[in-house]
There are 2 protein chains.
Amino acid sequence: MNRENFLKEHAPCYIYNQREIIDQCNKLKTALKDFKFLYSIKTNPFPAVVHEVYEQGFGSDAASANEVRISADSGMSPNQIFYSAPGKTDRDIIECYGKCVMTADSFWDIHRMNKEAENRGEILKIAVRINPNFSMTDEVGNPAKFGIDEDRLPELEKVLSECFNVEMIGIHVHVRSQILDYKLIGQYYIRCFKLAQKINNLENVNIEFINFGSGIGALYDKAKDKPVDLEKLSEMVVEIVRENKETLNAELYIETGRFVVCNAGTYYTRIVDIKVSHGKKYLIVQNGMNGFLRPTISNMLNKMKAAGELSLTEQEPLYTKENEFEVRILNNSKKIEKVDIVGNLCTSMDIICEDKELPYAEIGDIVEITNAGSYAYSLSPLFFASHDLPGEYYSLIDGNIL
Amino acid sequence: MNRENFLKEHAPCYIYNQREIIDQCNKLKTALKDFKFLYSIKTNPFPAVVHEVYEQGFGSDAASANEVRISADSGMSPNQIFYSAPGKTDRDIIECYGKCVMTADSFWDIHRMNKEAENRGEILKIAVRINPNFSMTDEVGNPAKFGIDEDRLPELEKVLSECFNVEMIGIHVHVRSQILDYKLIGQYYIRCFKLAQKINNLENVNIEFINFGSGIGALYDKAKDKPVDLEKLSEMVVEIVRENKETLNAELYIETGRFVVCNAGTYYTRIVDIKVSHGKKYLIVQNGMNGFLRPTISNMLNKMKAAGELSLTEQEPLYTKENEFEVRILNNSKKIEKVDIVGNLCTSMDIICEDKELPYAEIGDIVEITNAGSYAYSLSPLFFASHDLPGEYYSLIDGNIL
């Protein structure tokens, strides 16, 4: 079936593109040869996508016990699955024990992991997430719900000395996502590496891996932004790689954030009605904000900004920036008209875009929204108004769609 | 099982309270005796809740084909189910035909309903949603994706004269939800009634019912706001009721909006970790924004407002107002501390409340969030990070929980 017919039949749906996902994986592997990569499952847990990144040699950054299971189902082995999240339950720890590399997010986590290992008469190798005394831009630490403050390393050393059944072999750091400036990322990696060296000097710690976290930014606005310059980033990390070989000899892991799949995903929906009201033209589509929430949040915040003095900052994962989506109508019309594209929910908030110049549309035409590969399906209120859920498909290099 | 043990076992979960739902229904029935009521399913489609409002004699305002099905499953008969939504698909119309009273939202809808009736060799009685030349506050019409503009009644008359297989017997109007001022609501009802009289004068129209729409506001902030004064509202509509009996003799329907269930629902979640970071104390709970999104949106917008000059307006159904939730910790502690309550997602946006003075908490304590009966479960990104979904329960008057 050709693409047009497929969409007419299956929209509203998400399609994730294998070619683009593999290309993104290759960019990372080529530029950062001495690193390994962890796919941030929460950005898009669709099984075909997770299996793809596994095939590309990536492990996973799992943020819940179910994400550990999804990772294992994709083919990943326990030493490729890195489970790190605040607020784990006892059940999370028991269920994930042995199925992944667990990262303690708090002293409480260390004690519970120790207890579970003790119950099993084992020594469990764990990582610890650290809330560092630096941010993405400076050398100042900030309060966070994540990890153990770097200021509290003496306490960490003490706790580890009392917990005989865990051995700390890794650290995880993550301060901010969606960074496009390679200098910031490079500088951040250098700081993380120094932190790992410092922590390796604690008693009972033997750093075997560093998870640098914080993702690699995805490109939302192709007109205004440039992708992360991975080549220059790779030059910045040469020194880390060299020094690591001579000292820690640790595995170096980078979380992919939404870099791998964000641009490779597209949301398609169908125009089901068109109307003019008081001179304004509306294209009404199926599953607007209940199919893909982020455009609605984006529209809401940009409108608030226009109305007031508000300067908008990132509100990840709900909002990144202006012009974060391209909206297209898939037809051959040459005529342009100004329209609002709105969803078919009974709320006037359900807006994809407003006052946008687009090709003249007809009922039945397909609307395409880009950058829908990350924080899209799973971040949307899919059950709202009890509409049928949008589908998810994987578009293979050979042209087939799974 | 007592409540405390139930919550320890079943949180994170929503509990909807039968007593409060029945009380709200009774308030409406007592004050507005000459009206019938339609429960807005989209505010909360939990089957036990929908069945309850059916038992109380309410019909349904269904916003999707699946909501028509949910209404029928609750026990409602087709003449109690009012299906009104923009952007219906052909399948929606075919599936719902005969199972409810359908409201056309556009000329396109009228034509399709007519065609389906023609295919069946029947005359279908329909309503039409009108976008009126008034708002909740004045006599000015606004562009909207909903309904047919009042300005276009001549066109409506013409279309109806050509569509032999439909008969227009009702109108639906809805301009804004969540109004607490009885004067505004009463004035709005009067305007709707006049509009119905005007439309009844069109050729081929015989108004048998009016759906006044726009809901009755729910009380979010008990400290600052007062509930809708239903007694005074009933005085304002005396004239409508009298004139209706003498003229149209139509059934008068009021949509409940979130009035019935909003305050009757509560979200409960469990503290799974507590930590101090750079002097700030965090209580980390399960399923924060992925269990109940609105507190996070509320926190985000209020923070933006504090940072800029923005004056926040309603963003229904995502945001109503400051202090729209009360957050409590269910323990007997007398000691007060200032905390952030945050969810266990790997995003710093996942906040229930910040810098809030609450009783000293321990891991395992239950956090309660009020006003979680409407636009809560189904408006949340439940699949985010693949956590287990919160449960939903119905708390009966006799103390049992379903």
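All heavy atoms count here, side chains included; hydrogens, waters and symmetry mates do not. Proteins get letters first, then strands, A, B, ... in listed order; numbering begins at 1 in each. These figures come from a predicted structure and were not determined experimentally.
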Which atoms of A:F383 approach chain B - backbone, side chain, both or neither, heavy atom under 4.5 Å: both
Partner chain B: residue of A:V342, A:L345, A:N131, A:L283 with the largest heavy-atom pair count (under 4.5 Å): A:L345
Of all heavy-atom pairs between B:E95 and B:A65, which one has the smallest distance, and what is that distance? OE1-CB, 4.1 Å
Let me know if A:K88 has heavy atoms under 4.5 Å from chain B in its side chain, its backbone, both or neither. backbone
Only one of A:V285, A:I351, A:T269, A:I271 passes side chain to side chain contact (heavy atoms under 4.5 Å, CB included) with A:I341, and that residue is A:V285
Is A:Q315 close to chain B through its backbone or its side chain, or both, or neither, when contacts mean heavy atoms under 4.5 Å? both
Is it the side chain or the backbone of B:N44 that comes within 4.5 Å of chain A heavy atoms, both, or neither? neither
What residue, out of A:L318, A:I41, A:I148, A:T296, has the most heavy-atom pairs lying under 4.5 Å from chain B? A:L318
Name the member of A:N142, A:I274, A:D151 that forms the most heavy-atom pairs with chain B at distances under 4.5 Å. A:N142
Between B:D350 and chain A, with a heavy-atom cut-off of 4.5 Å, which part of the residue counts as in contact: side chain, backbone, both or neither? both
For B:F46, enumerate each residue passing the ring-ring contact (aromatic ring centres under 6.0 Å, His included) test, keeping only those at least two apart in sequence or located in another chain. B:Y16
Between A:S84, A:P143, A:G87, the one whose heavy-atom pairs under 4.5 Å with chain B are most numerous: A:P143
With a 4.5 angstrom heavy-atom cut-off, could you sort out which part of B:P86 is near chain A: side chain, backbone, both or neither? both
Tell me, side chain or backbone of B:L293 under 4.5 Å from chain A's heavy atoms, or both, or neither? side chain
Heaviest contributor of heavy-atom pairs below 4.5 Å to chain B, chosen from A:I284, A:V276, A:T347, A:I297, is A:T347
With distance as the sole criterion, is a donor-acceptor pair present between the side chains of A:D105 and A:Y83 under 3.5 Å? no
Picking from A:I363, A:L382, A:D109, which has the most non-hydrogen pairs under 4.5 angstrom with chain B? A:I363
Is the A:F292-A:Y377 ring centre distance short of 6.0 angstrom? no
Heavy-atom distances under 4.5 Å only: say whether A:S40 touches chain B with side chain, backbone, both or neither. neither
So which part of B:Y319 gets closer than 4.5 Å to some heavy atom of chain A, the side chain, the backbone, both or neither? neither
Ignoring hydrogens and geometry beyond distance, is a side-chain donor-acceptor pair present between B:N299 and B:E354 at under 3.5 Å? yes
